[in-house]
Amino acid sequence: MLEGQVVKLDRGFPLVKTETGEELRCKHATALVKGEKVRAVIGDRVLLDVPRGHDKAIISEILPRKTEFVRKDPTERALPQVLAANFDRVIIAQPLADVNMRRLERELVLAHETGASVAVILTKADLAESDSDIERIAGEVNDLVGPDDEVLVVSAGEPGSIESVRSLVAPGTTTVLIGKSGVGKSSLVNLLVGDHVQETAEVREVDGKGRHTTVSREMIEIPGGGRVVDMPGVRGLGLWDAESGIEAAFSDIEELAEKCKFRDCHHKGEPGCAVRRAVQDGDLAQSRLDSYHALRSETAEIKERREEAERIRSRRGHPRRRG
């Protein structure tokens, strides 16, 4: 029995790197894919059998995960989908000149739900019209992100900005890099590595947009640093069991809520609301509170649908699936 880690997932079979450095193409044991239908994801620690005469090793067991990136499965009404496991940090990439605040707020909650450290990278700063635009947009993102997460502005023409990102990818750590297609994730990885390791599509000079090129999930070693997983552009960002993620992503609002007059305060006009007072005093951005309310409402609806789906599956005798 060998132990290893899944270092690449593509349209074929998982590639697992063993503790001796050997890389083996693998398939899942029948016992894993039946029943709960669990499959290994990028970053998973696994146990392998290597039968004689077989061209592939067999993943017989997936070891417990210390962290996992989970979204609602876009192909199912109320099931989770694990995209990555066993990482230390999530970096969210958004193009500075075309930041999607609504998507960013969801990315922040999903990232915080993992329990890993979170940072936001604003890419393609060279496409901004002026320095004042960069400062304004970065300020708006900081208002949404809150006080606990770092926000970095990155430009390919400024080596110092790349080094700031490199400092986040410390030796011995694994970082998951997420963001919509065309935001510059693959280009950023190439800059961190100092070589062309990820394919990038041609980008229109007008708006900096391009088509999606990364089709596999792969761990990439950063010279002098840790490892980065460049996730393919994830279109759907359905929240799943995200209450703790919201609490972590909006920890400042949660702390303010402790000072509200009423324990069940909804921060929508009740007397003695410390959260509304912080907005009025300019200590909390209204946009951040609006995002908090919207995500809380969505999470409550998802929880209700999930519980109903689990009741239906239980009546039908179907097992719960995760992974």
Review point. With distance as the sole test, does Asp44 use its side chain to make a donor-acceptor pair with the main-chain N or O of Val41 at under 3.5 Å?
Key: yes
Practice item. Would you confirm whether Glu163, through its side chain, and Pro159, through its main-chain N or O, come within 3.5 Å as a donor-acceptor pair? Key: no
Practice item. Please tell me if the side chains of Ile92 and Ile121 come closer than 4.5 Å, counting only heavy atoms from C-beta onward. Key: no
Practice item. Return yes if some donor-acceptor pair links the side-chain N/O of Glu23 with the main-chain N/O of Gly21 below 3.5 Å, else return no. Key: no
Review point. Any side-chain heavy-atom pair from Val90 and Ser117 closer than 4.5 angstrom?
Key: no
Check your understanding: How are the rings of His267 and Tyr292 set relative to one another: parallel (under 30°), tilted (30 to 60°) or perpendicular (over 60°)?
Key -> tilted
Review point. Arg288 side chain to Val145 main-chain N or O, any donor-acceptor pair under 3.5 Å?
Key: yes
Point to revise | Donor-acceptor pair, side chain of Thr123 and main chain of Val154, under 3.5 angstrom | key: no
Review point. Do the non-hydrogen side-chain atoms of Thr18 and Glu3 ever get within less than 4.5 Å of each other?
Key: no
Study note, to complete from the structure: Shortest non-hydrogen pair, Ala274 vs Cys260, comes out as N-SG, 3.4 Å
Point to revise | Arg89 and Thr173, any side-chain heavy atoms less than 4.5 Å apart | key: no
Practice item. For residues Ala249 and Leu108, report the shortest heavy-atom separation together with the two atoms involved. Key: CB-O, 4.1 Å
**Study point:** Side-chain donor/acceptor of Arg217 to backbone N/O of Met231, under 3.5 Å
**Key:** no
Check your understanding: Going from NZ on Lys259 to SG on Cys273, what distance comes out if it is rounded to the nearest 0.5 angstrom?
Key -> 12.5 Å
Review point. Taking NZ, NE, NH1 and NH2 as the nitrogens, is one of them in Glu107 or Lys180 under 4.0 Å from a carboxylate oxygen of the other?
Key: no
Check your understanding: Going through the checks in order, is the side-chain contact (heavy atoms from CB on, under 4.5 Å) test met by Glu158 and Ile162?
Key -> CA-CA 7 Å; Glu158 296 184 10; Ile162 305 302; over 6 Å; no
Exercise for review: Spell out, yes or no, whether Leu47 and Val82 are grouped together once hydrophobic residues are joined by side-chain heavy atoms under 4.5 Å, including indirect joins.
Suggested key: no
Point to revise | same_hphob_cluster(Ile220, Leu191) at 4.5 Å side-chain heavy-atom cutoff | key: yes
Check your understanding: Are Asp133 and Arg136 close enough that some pair of their side-chain heavy atoms sits under 4.5 Å apart?
Key -> yes
Exercise for review: Of all the heavy-atom pairs spanning Cys26 and Leu48, show the shortest one and how long it is.
Suggested key: SG-CD2, 3.8 Å
Review point. Hey, what do you get for NZ (Lys124) to OG (Ser155), rounding to the nearest 0.5 Å?
Key: 12.0 Å
Review point. Between Arg166 (side chain) and Leu192 (backbone), is there a donor-acceptor pair under 3.5 Å?
Key: yes
Study note, to complete from the structure: OG1 of Thr114 to CG of Asn86, rounded to nearest 0.5 Å, is 11.5 Å
Exercise for review: Search all heavy atoms of Asp98 against all heavy atoms of Gln94 and return the closest pair with its distance.
Suggested key: O-OE1, 4.2 Å
Practice item. Consider only side-chain N and O atoms of His54 and Asp49, and report whether a donor and an acceptor are under 3.5 Å apart. Key: no
Point to revise | Distance, nearest 0.5 Å, that separates CG of Leu104 from CE of Met101 | key: 6.5 Å
Point to revise | Side chain proximity check, Val229 to Glu218, heavy atoms < 4.5 angstrom | key: no
Review point. Are Asp88 and Thr174 linked by a side-chain donor-acceptor pair shorter than 3.5 Å?
Key: no
**Study point:** Gln5 and Glu19 side chains, donor-acceptor separation under 3.5 Å
**Key:** no
Practice item. Compare every heavy atom of Met1 with every heavy atom of Ser60, then report the nearest pair and how far apart it is. Key: OG-SD, 3.5 Å
Review point. With a 4.5 Å heavy-atom cut-off, do Leu15 and Leu24 have their side chains touching?
Key: no
**Study point:** Rounded distance (nearest 0.5 Å) linking atom CD1 of Ile42 with atom CG of Asp230
**Key:** 11.0 Å
Review point. Under 4.5 Å between any side-chain heavy atoms of Leu152 and Glu150, yes or no?
Key: yes
Point to revise | Donor-acceptor pair, side chain of Lys185 and main chain of Gly179, under 3.5 angstrom | key: yes
Exercise for review: Walk me through it: do Glu298 and Arg106 pass the test salt bridge (Lys or Arg N to Asp or Glu O under 4.0 Å)?
Suggested key: CA-CA 11 Å; Glu298 179 181 346; Arg106 303 170 75 80; 2.6 Å; yes
Review point. Does Ser297 use its side chain to pair, donor to acceptor, with the backbone of Ala294 at less than 3.5 Å?
Key: no
Exercise for review: Look at the side chain of His112 and the backbone N and O of Ile246, then say whether any donor-acceptor pair between them is shorter than 3.5 Å.
Suggested key: no
Exercise for review: Please answer: with hydrophobic residues joined when any side-chain heavy atoms are less than 4.5 Å apart, are Leu63 and Val70 in the same cluster?
Suggested key: no
Review point. Between atom CD of Glu247 and atom CD of Glu254, what is the distance when rounded to the nearest 0.5 Å?
Key: 5.0 Å
Practice item. Go through Arg102 and Ser291 one step at a time and tell me if the side-chain contact (heavy atoms from CB on, under 4.5 Å) criterion holds. Key: CA-CA 8 Å; Arg102 298 289 74 80; Ser291 294; 3.2 Å; yes
Practice item. Heavy atoms only: give me the nearest Gly43-Met219 pair and the separation to one decimal. Key: CA-CE, 3.4 Å
Practice item. Say whether Leu2 and Val6 are linked into one hydrophobic cluster, either directly or through other cluster members, by side-chain heavy-atom distances under 4.5 angstrom. Key: yes
Exercise for review: Only counting residues at least two apart or in another chain, list the ones meeting side chain to side chain contact (heavy atoms under 4.5 Å, CB included) with Val169.
Suggested key: Thr175, Ile222, Val228
Check your understanding: Considering residues at least two apart in sequence or located in another chain, which fulfil the side-chain hydrogen bond (donor to acceptor under 3.5 Å, both in side chains) criterion with Arg263?
Key -> none
Review point. With hydrophobic residues grouped by side-chain heavy-atom distances under 4.5 Å, do Val99 and Leu144 end up in a single group?
Key: yes
Practice item. Look at atom CD of Glu140 and say whether more than 12 heavy atoms of other residues, nucleotides or ligands are closer to it than 6.0 Å. Key: yes
Practice item. Could you give me the CA-CA distance, side-chain angles and deciding distance for Leu284 and Val275, then say whether side-chain contact (heavy atoms from CB on, under 4.5 Å) is met? Key: CA-CA 8 Å; Leu284 176 68; Val275 175; 3.8 Å; yes
